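None of these values were measured; they are calculated from a predicted model. First the proteins, then the strands, lettered A, B, ... as listed; each starts at 1.
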Number of protein chains: 2
Amino acid sequence: MQQNIYDDVKFFDEYKKVRFSKNSFNELLEQPAINSLLPDLNGKTVSDLGCGFGFNCKEFAKAGAKSVVGIDLSEKMIAQANENNKLENITYINMSMTDIDQITEQFDLIYSSLAFHYIEDFENLIAKIYNKLNTNGVLLFSQEHPIVTAVKNNGDNYVKKLNGSIKGYLLNNYADMGIRKEKWFVDGVEKYHRTISYIFNTLIKCGFIIETVEEPLPSEEALKKREGLSKEFIKPTFLIIKARKV
Amino acid sequence: MQQNIYDDVKFFDEYKKVRFSKNSFNELLEQPAINSLLPDLNGKTVSDLGCGFGFNCKEFAKAGAKSVVGIDLSEKMIAQANENNKLENITYINMSMTDIDQITEQFDLIYSSLAFHYIEDFENLIAKIYNKLNTNGVLLFSQEHPIVTAVKNNGDNYVKKLNGSIKGYLLNNYADMGIRKEKWFVDGVEKYHRTISYIFNTLIKCGFIIETVEEPLPSEEALKKREGLSKEFIKPTFLIIKARKV
């Protein structure tokens, strides 16, 4: 059974605050970068894996998608999506994205924002996604960057000098793929570290052609909102990949 | 003019010692990993960019290559290659790999081991390589991993605890693409940092299909030869990419 941290009451409330904040790195960095890579959605069938509150599903429908299927493991998320971001051609389903093979529809775009690092069996998921895509269909996803998922020392991984100024980001455990437990609002949030090469090779092995890779880095504006972090110390926080089934 | 550090007498002598050592990470890690990705060379035309002493050119010829062109900026390297690793169907040329467009021959494989990080204009090089490849031709190259090329604090980038044990690898300046000067036997060796996404996107933009990505990590044997470095602190040292012109 996949961990469903998002239905933990404390987690859900705290997470909601962050996601509705306009100053989160999600809003400032990840969302603009991934959404700039969206293909033309006019008349297309789309699925959003880990759709959360359904913000993006609604945008996809507004951009002309013929149908949108939002999938999320969290019952609370799906309830809010149905309440606030429902349109006629959007369906929200409360299930694990790893069960996507149980859906009968085929898609032109499968989209997923910051959810794949929660999935234990990456190859199994990617193989199922490949099967669910139409020919020429696109997989567009973001995840925490492997430089971020690698570390086991939970929390702030910046090394500081004696005077408190930052020296750099402390990278360790990169080679050790597998589960990571961290405190993120609550204890024991589980995610999975995979190396960059493993991620690419799995996509390629499943049949995908890699089209674009992005590691969005904070703008000056975003940096200002993160005090003490000068450009020198920016590490990639997200990895975004656009891949095509040909 | 491209920097030609390899013809510096002091550098050349020190470098030669390292390259002829069987305990270098080149020999233990990079060479087995990149060479395991070689396509069938029987009857093929091959070029080795930054061929150095010509070890690999000789292996390619022995593996059945029809012709091999070894290119190196260093006159000393080419002289030694001609002296020690010359076969009838191998030609060694003393020139910059960025002039590869001046060669009339087309290739089935363009190979390059740990040299691309010395090249300032990556896109220009990759575009020229693409033009020099036959259809279905392969580019197989390795370079220092972006996690390594990023840092500006020259030398040992491992952070240590007060007791001298290692805490992790200190990553900084990842976002800042461009020149890095370091001391490697001599002062002022110049190389270029590029992000992972920039490297991938440039290959794709030039027309390549990415086939395999490797970040070889040290075996237990290799680790034993690097005292004090336990598995926890291994970072990727090399990035190896196999790409195809289709």
Heavy-atom pairs under 4.5 Å with chain A, option from B:Ile196, B:Ile234, B:Ile199 with the top count: B:Ile196

Which atoms of [X] come close to chain B, meaning under 4.5 Å heavy atom to heavy atom: side chain ones, backbone ones, both, or neither?
| X | answer |
| --- | --- |
| A:Asn201 | side chain |
| A:Leu217 | side chain |
| A:Ile210 | both |
| A:Ile204 | side chain |

Heavy-atom side-chain contact between B:Ile147 and A:Ile147 under 4.5 Å: yes

Sub-4.5 Å side-chain heavy-atom contact between B:Tyr174 and A:Tyr169: no

Proximity breakdown for B:Leu170 and chain A, heavy-atom pairs closer than 4.5 Å: both

Separation between CG of A:Asn173 and NZ of B:Lys235, rounded to the nearest 0.5 Å: 14.0 Å

Which of A:Thr212, A:Asp176, A:Leu239 touches chain B most, by non-hydrogen pairs under 4.5 Å: A:Thr212

Minimum-distance pair of heavy atoms, taken over all atoms of A:Asn172 and B:Lys167: ND2-O, 3.2 Å

